[in-house]
S.K.: 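To start, I am sharing the structure in question, which I have written as structure tokens.
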Amino acid sequence: MFEKRTKSIFIDGKWKDMDSQKTVTVYNPATLERLTDVAYGGASETKSAIEAASTAFPVWSEMTGRERSRILYKAAELMTEDADRLGEILTLEQGKPLKEAVGEVKGAAGFLLWYAEEASRGYGEWIPSSTKSKRLLVIPRPVGVIGAITPWNFPASMITRKLGPALAAGCTAVLKPAPETPLSAIEIVKIFAKAGMPNGVVNLVTGDAQAIGNEMLTNKDVRLITFTGSTAVGKYLMRESSEHVKKLSLELGGHAPSIVFDDADIDKATTLVLGSKFRNNGQTCICTNRLYVHESIADAFTSMLKDKVAQMKIGSGLGNDVELGPLINEKAFEKVQAHLDDAVKNGAKVVYGGSQWEGNLDGHFYQPTILSGATDNMLIMNEETFGPIIPVQTFTDEDEALRKANDTDYGLAAYIFTENTNRAIRASEKLEYGIVGVNDVFPSVPEAPFGGIKQSGVGKEGGHHGMDEFLEKKFISVGLDG
Ligand code: ADP
């Protein structure tokens with residue numbers, strides 16, 4: 001399916017080889033087999049990509065929103081038509097079940113479609129002046145060249161969730177995908193080119209994260225960096241981008257609590273918690289990391305959850321009906337095991353799973369795991385696990401559950417399960433999170449703002465709010481005669 005070597009540096013509309021010929025291998029995390037090699041680019045490729053994006057900026061930003069919109073529509077259409085093939089590539093490099101991968105590709109196309117629609121809606125304002133002789137106008141202007149740094153857990157949708165609004169706004173871009181998953185990025189860039197994107201508007205550099213990131217940070221021409229990844233790297237980008245006062249949009253780590261109240265529909269809640277925790281094998285920043293269940297329903301809830309989890313099929317994401325693929329790499333596996341060991345050492349009981357999956361594949365697989373008796377001091381109740389373990393802690397009243405849910409430096413997503421509307425609204429308002437799901441665990445949609453508070457990030461992706469990140473509000477003050 002892949003060449004021995006895949007071209008992965010795209011600058012000014014051309015696929016390039018690097019002078020150094022240095023490459024890095026992309027593996028299938030299910031089998032640990034080599035898929036292909038891609039370029040290990042660095043500072044000089046990034047510099048050229050930024051130059052190309054700077055040259056293309058006046059061309060792209062001066063097109064009308066409707067003209068940009070047509071190209072984004074075309075890209076959305078091409079991506080949707082090719083979703084099955086793109087989904088397979090995504091599963092091969094990332095591991096998630098094919099059905100999820102195809103769903104992600106369609107969702108990724110959904111961001112392009114939404115922002116194709118938004119491209120012609122960058123409204124300004126005419127502010128009534130308090131002085132008769134003045135007219136006050138506000139016009140939105142694209143910020144300029146942007147650097148987009150994306151993670152491996154959603155190799156397609158994290159790209160379009162950033163590039164969709166950036167391109168719609170009139171920005172040009174340099175994209176750096178995660179080293180684990182460059183192949184989906186390559187396909188997306190090909191789609192943009194096929195859709196008629198002018199040269200230099202979208203550029204791609206794969207390779208050395210530190211070197212590419214450093215060029216984006218120190219190059220004056222990059223006006224904004226949009227990043228999804230760990231809080232540690234987000235903080236680093238924030239510190240280092242201060243030299244040129246760059247704008248930042250950061251989607252960082254999370255530690256989502258799910259609270260199941262005693263008035264929840266247990267059947268519905270168990271299915272949703274399962275979807276939240278085990279989608280992408282727990283490797284999503286909004287997936288449930290800790291579960292608080294009211295003591296009066298804890299036994300019934302845990303037992304039903306266990307029955308459902310026991311039905312889940314593990315294996316290669318390309319296998320029939322597989323719901324749990326591999327973890328991305330050995331480091332991820334070690335973290336999951338460390339969280340499990342720490343929880344058990346501190347008194348948690350393994351209700352289901354609790355160890356590596358002993359299948360016939362070489363990848364790093366972990367059984368879907370449920371723990372009971374979780375306590376506040378456990379690592380898993382405080383740090384992002386990014387794997388398929390669900391720790392259950394019981395609570396006695398609403399205030400206690402909300403206090404525990406809020407007791408973290410993270411603030412991305414939280415979920416509540418209740419059939420009581422008063423409680424749903426009350427609790428949603430008190431939860432200190434950027435996103436609250438009420439009997440809903442899939443809040444990432446093109447039309448709504450996704451983003452964290454506290455140390456989970458700054459800025460929003462999705463909705464018209466997502467495009468605002470890429471627009472400056474220029475104020476024009478006009479003095480009139482007389
Ligand atoms: P994760 O632990 O989920 O891989 P990271 O924050 O390490 O999260 O990675 C997310 C993205 O950030 C990836 O594309 C990665 O290559 C990139 N990245 C990691 N370190 C840096 C850095 N110093 N500068 C720029 N990008 C980086």
Side-chain angles (χ1 to χ4, degrees), residues 8-9 24-27 29 38-43 45-47 49-50 93-96 146-163 173-186 188-189 203-219 222 224-244 246 248-255 280-287 289 326-336 338-339 364 383-387 410 412 452 455-458 461:
S8 62
I9 294 191
V24 59
T25 300
V26 185
Y27 293 96
V38 298
Y40 193 69
E45 290 74 25
T46 312
K47 193 162 184 280
I50 295 168
E93 66 175 347
Q94 200 272 349
K96 68 177 62 176
I146 66 128
I149 303 175
T150 55
W152 50 262
N153 60 344
F154 288 91
S157 59
M158 291 304 101
I159 293 177
T160 57
R161 198 163 79 172
K162 293 180 187 311
L163 294 193
V174 177
L175 168 65
K176 189 210 91 59
E180 294 85 352
T181 57
L183 305 178
S184 297
I186 293 169
I188 291 172
V189 167
N203 305 275
L204 173 69
V205 184
T206 58
D208 181 348
Q210 189 85 38
I212 300 169
N214 195 47
E215 182 64 32
M216 286 182 178
L217 288 164
T218 53
N219 193 314
V222 174
L224 179 151
I225 294 181
T226 170
F227 167 80
T228 297
S230 59
T231 296
V233 173
K235 286 182 180 177
Y236 165 80
L237 296 174
M238 216 165 185
R239 273 196 305 273
E240 300 298 317
S241 60
S242 65
E243 178 64 21
H244 296 301
K246 292 182 199 291
L248 286 167
S249 176
L250 305 174
E251 296 293 344
L252 309 178
H255 199 273
N280 202 9
N281 218 352
Q283 302 175 111
T284 76
C285 45
I286 56 165
C287 71
N289 212 119
L327 291 163
I328 190 73
N329 54 30
E330 190 174 0
K331 201 170 129 223
F333 178 89
E334 281 167 3
K335 188 173 190 195
V336 169
H339 278 201
H364 302 286
E383 288 181 18
E384 208 172 14
T385 309
F386 244 57
Y410 290 113
L412 185 54
Q455 294 190 28
S456 286
V458 288
E461 294 186 339

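Values reported hereafter were calculated over all heavy atoms of this structure, with side chains retained and with hydrogens, waters and symmetry mates removed. Just so you know, ligand 1 is whichever comes first in the structure, and atom 1 is the first atom listed for that ligand.
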S.K.: Going by the order shown, which atoms of ligand 1 are within less than 4.0 Å of some heavy atom of Gln210?
M.R.: 23 (N)

S.K.: With the threshold set at 4.0 Å, does a side-chain nitrogen-carboxylate oxygen contact exist between Lys47 and Glu215?
M.R.: no

S.K.: Going by the atom numbers of ligand 1, which of them fall below 4.0 Å from some non-hydrogen atom of Thr228?
M.R.: 10 (C)

S.K.: Over 60° means perpendicular and under 30° means parallel, so tell me whether His255 and Tyr410 are parallel, tilted or perpendicular.
M.R.: parallel

S.K.: Could you tell me which atoms of ligand 1, counted from 1 in the order shown, lie closer than 4.0 angstrom to a heavy atom of Ile149?
M.R.: 11 (C), 12 (O), 14 (O), 17 (C), 25 (C), 26 (N)

S.K.: Hey, which atoms in ligand 1 end up nearer than 4.0 Å to a heavy atom of Gly229?
M.R.: 6 (O), 10 (C)

S.K.: Do any nitrogen or oxygen atoms of Ser230 lie less than 3.5 angstrom from nitrogen or oxygen atoms of ligand 1?
M.R.: yes

S.K.: Of the side chain and backbone of Thr150, name the one, both, or neither that has a heavy atom under 4.0 Å from an atom of ligand 1.
M.R.: backbone

S.K.: Only heavy atoms of Trp152, strictly under 4.0 Å: list the atoms of ligand 1 that pass.
M.R.: 1 (P), 3 (O), 4 (O)

S.K.: Closer than 4.0 Å and a protein heavy atom, does any atom meet both conditions relative to atom 9 (O) of ligand 1?
M.R.: no

S.K.: Check Asn214 against ligand 1 and report side chain, backbone, both or neither, counting heavy atoms closer than 4.0 Å.
M.R.: neither

S.K.: Considering only heavy atoms of Gly213, which atoms of ligand 1 have at least one such atom less than 4.0 Å away?
M.R.: 24 (N), 25 (C)

S.K.: Would Gln94 and Asn280 satisfy side chain to side chain donor-acceptor pair (under 3.5 Å), going step by step from the backbone distance to the final call?
M.R.: CA-CA 9 Å; Gln94 200 272 349; Asn280 202 9; 3.1 Å; yes

S.K.: Against heavy atoms of Tyr236, which atoms of ligand 1 measure under 4.0 Å?
M.R.: 23 (N)

S.K.: If the cut-off is 4.0 Å to any non-hydrogen atom of Lys176, which atoms of ligand 1 fall inside it?
M.R.: 14 (O), 15 (C), 16 (O), 17 (C)

S.K.: Could you tell me whether Phe386 approaches ligand 1 through its side chain, its backbone, both or neither, with non-hydrogen atoms closer than 4.0 Å?
M.R.: neither

